[in-house]
Amino acid sequence: MSTPYPFTAIVGQDDLRIGLLLNAVSPAVGGVLVRGEKGTAKSTAVRALAALMPEVPVVAGCRFSCDPGAPDPACPDGPHGAEAGAARAARTVELPVGASEDRLVGALDIERALSEGVKAFEPGLLADAHRGILYVDEVNLLHDHLVDLLLDAAAMGASYVEREGVSVRHAARFLLVGTMNPEEGELRPQLLDRFGLTVEVAASRETDVRVEVVRRRLAYDDDPAGFAERWAGEENALRERIVAARALLPRVVLGDGALRQIAATCAAFEVDGMRADIVMARTATALAAWAGREEVVADDVRQAALLALPHRRRRNPFDAPGLDEDKLDDALEDAKDDRGGSDDEPDPDGPGGGVPPQGGGPDGSGPDDGGADRGSDPSDAPGPEQAGSGDAPAPAPAGGAGEQRPVRSGEPFRTKMLSVPGLGEGAAGRRSRARTEHGRTTGSRRPEGALTKLHLAATVQAAAPHQRARGRSGRGLVVRRDDLRQATREGREGNLVLFVVDASGSMAARQRMGAVKGAVMSLLLDAYQRRDKVGLVTFRGRDAEVALPPTSSVDAAAARLESLPTGGRTPLAAGLLKAHDVLRVERLRDPSRRPLLVVVTDGRATGGVDPLGLAARAGRLHASEGTASVVVDCESGFVRLGLAAQLARDLGGSAVTLDELRADSIAGLVKDITAAGRAA
């Protein structure tokens, strides 16, 4: 077994360390979500935490880690009597992003269950993680059906496996730790709220800190055992502090004053539901125990807010998590004033001091520091009174494209659902019809591997003709492996939605471009909710460019869209051909994910010889390959040329106007995009 990197040897990352340690002191805090760029010791810290956790007493031989002092009466390996207990190290169980449902919750031996009536159950990862740590790396990429199972287990503290009337239940209480890189997409709100705490991590920009990180890592790689031995003293001291804090935790008092501050803070930040209040209370109590105090003070409440609230304040997927610390201080002060002041400030020299400061690592960056790069202040953007005011465009570049400043997008709205026709087999999602492991049962087939979803009627039908030959004498059904039938199911898949956006001069009127960006932003929001990958191709001037390669990070696409400049000629054919190149590469990378091409244009084309003819040929190229497509017609004014509708016919798809795109539009219809020329 490899030697883990010592937890105490991690340089900086104070928020990350205190978030993990508080959960070690009080698992009821509810786990921690670690957000940050790659290469910032996220996984290293989580794996190192297990070595600090106290040993777990278990019933000897129980596969479900029952506590000998209070065994689970419904344990599948029970009932347990007065068996001798044994102690083992706390486990860190890793849930792979691509794991199957059976690997997570366990699997029943269906053949024995039908023929013998025996609940032969093979435990899954939830059973292994009971009374330990369940670690999900890249948790934002976890499939929806696994997220649902994880949410159920986290909420109930138990896992249920039910297959055709056969049911198994076992306890599953664990410390949930997830890591993610926000550039690869955000979490579903339901799972996001299940994490008690969240911390942001980033690599330090201080030279001395970075030097020390490299020095320690190289020393560990050269001699892991020797490096761990040098840190054994600090590890033992930290382990003893966790044990002492756990022992102190039941005696910590959460006074009415601190409780009012918690409630007032959650109300001030308008968080949904009551889970935030409860998590803050548990976190503040754990902070007091960690500091060696028996009473929660104002600083505990403040640190708890910085850990428990940032991820609960998001109102849409394009908002970055964060907390306004000035507003937090005001809320805490107002709550203190309401109760007539307080003198429960901590003694900085008191027992157990030195809790790492929250809201920033060794470089002083806080959870809100990243906002500086997300765009200019709204007051810098042109208002409606400036639209079309005749502002001189920026000097034209060499390509002849007169460029204007980026226009802010209009307000997003709920869109009609655009889907790909036919039946796919792509990644689970919520857009187009597909064969999936979950959904409504549509038929049966012979299993091609492990049986996951039994079709009972088809299995009985296959076994029935052979009962006499198999010597059946009793009431039971004699079932063989060849009789088993897998249920085929139909659900929904996520698609690759590739946006091709006209950013040329014909679209550059500020009010018009704002509406266009608002429409694309709405479609991006829809793509986020339907678990799609998205990409962005823009065309203007003389050429087209891939503004964003296909990614699961919808908020990255939104950021690129907001900063999109406009002006110049309209190389429509170049945009369509660039999209063709992107889709060709993506078909090789992920052949099961079907694409949906969304072209946002008024259909005009300029530059070169016969630009409309070139665009028509590029459109027919997409149609010949069966690419599902829709054209969002942005043409405005009393005189309409109908060029966007003609482009849609060339693409073999459909055209919708901006008004028809709205879900609440009277004229709008739900569009199932048809692709002419699709191979049978």
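Residue numbers start at 1 and run along the sequence shown.
- Between L523 and L418 the shortest side-chain heavy-atom distance falls below 4.5 Å.
- With rounding to the nearest 0.5 angstrom, the OG1 atom of T44 is 9.5 Å from the CG atom of L16.
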Step by step, work out the side chain to side chain contact (heavy atoms under 4.5 Å, CB included) result for V34 and T198.
CA-CA 6 Å; V34 186; T198 185; over 6 Å; no
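- Residue L647 holds its CG atom at 9.5 Å from CG of D633, rounded to the nearest 0.5 Å.
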Can R662 and T657 be said to form a side chain to side chain donor-acceptor pair (under 3.5 Å), step by step?
CA-CA 9 Å; R662 292 179 177 271; T657 65; over 6 Å; no
Mind running side chain to side chain contact (heavy atoms under 4.5 Å, CB included) on K416 and V656 for me, showing each step along the way?
CA-CA 10 Å; K416 294 290 187 183; V656 293; over 6 Å; no
Would you be so kind as to tabulate the donor-acceptor pairs closer than 3.5 Å made by side chains of residues 605-614, with sequence neighbours excluded?
from	atom 1	to	atom 2	distance (Å)
T606	OG1	T570	N	2.8
D610	OD1	G613	N	3.1

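- Rounding to the nearest 0.5 angstrom, the gap separating the CD atom in Q646 from the CG atom in L651 is 10.0 Å.
- Taking CG from L597 and CG from N495, the interatomic distance works out to 12.5 Å, rounded to the nearest 0.5 Å.
- A search for side chain to side chain contact (heavy atoms under 4.5 Å, CB included) contacts involving R433 returns L423, E490, R492, not counting sequence neighbours.
- The backbone N or O of A547 sits less than 3.5 Å from a side-chain atom of R560, completing a donor-acceptor pair.
- For the residue pair D15 and Q13, no side-chain donor N or O sits within less than 3.5 Å of a side-chain acceptor on the partner.
- Qualifying side chain to side chain contact (heavy atoms under 4.5 Å, CB included) partners for A557, counting only residues two or more places apart in sequence or in other chains: L524, V534, L548.
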Side chain to side chain contact (heavy atoms under 4.5 Å, CB included) evaluation trace for V501 with T601
CA-CA 6 Å; V501 180; T601 181; over 6 Å; no
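- Residues E545 and T538 have side chains in contact (heavy-atom distance under 4.5 Å, counting atoms from C-beta outward).
- Across R584, R587, R594, a single residue satisfies salt bridge (Lys or Arg N to Asp or Glu O under 4.0 Å) together with E625, and that is R587.
- In terms of heavy atoms, M180 sits closest to N140 at CB-OD1, 3.2 Å.
- Looking at heavy atoms from C-beta onward, L176 lies in side-chain contact with L150 at the 4.5 angstrom threshold.
- Comment: R435 does not engage E493 in a salt bridge, judged by the lack of any side-chain N to carboxylate O separation of less than 4.0 angstrom.
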Salt bridge (charged side-chain N to carboxylate O under 4.0 Å, His left out) evaluation trace for D502 with R540
CA-CA 7 Å; D502 185 348; R540 55 182 292 274; over 6 Å; no
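- Distance CZ/F499 to CG/L561: 9.0 Å, rounded to 0.5 Å.
- Put simply, the side chain of D581 does not reach to within 4.5 Å of the side chain of L577, judged on heavy atoms.
- In this structure, S432 OG and M417 CE are separated by 7.0 Å, a value rounded to the nearest 0.5 Å.
- Looking at K517, its side chain does come within 3.5 Å of a backbone N or O of E562 through a donor-acceptor pair.
- Contact detail for A644 and A655: the closest heavy-atom pair is O-CB, 4.5 Å.
- Heavy-atom minimum distance, G535 versus L496: N-CD1, 4.4 Å.
- Across T40 and A202, no two heavy atoms sit closer than the pair CG2-C, 3.8 Å.
- Residues H622 and A579 come closest through the heavy atom pair CE1-C, 4.0 Å.
- Using a cutoff of 4.0 Å between basic side-chain nitrogens and carboxylate oxygens, D532 and R530 are not scored as salt-bridged.
- No side-chain donor-acceptor contact under 3.5 Å links T627 to the backbone of A623.
- Between D543 and K578 no salt bridge is recorded (no basic side-chain N to carboxylate O distance below 4.0 Å).
- One finds a salt bridge joining R47 and E94 here, because a Lys/Arg side-chain nitrogen approaches an Asp/Glu carboxylate oxygen to under 4.0 Å.
- Of the possible donor and acceptor atoms, none in the side chain of H580 sits under 3.5 Å from a partner among the backbone N and O of L621.
- A donor-acceptor pair under 3.5 Å is absent between the side-chain atoms of E101 and the main chain of L146, judged by distance alone.
- In this structure, the side chain of H311 does not engage the main chain of V199 through any donor-acceptor pair within 3.5 Å.
- Considering all non-hydrogen atoms of both residues, P421 and A628 come closest at CD-CB, 3.9 Å.
- Between L498 and V537 the shortest side-chain heavy-atom distance falls below 4.5 Å.
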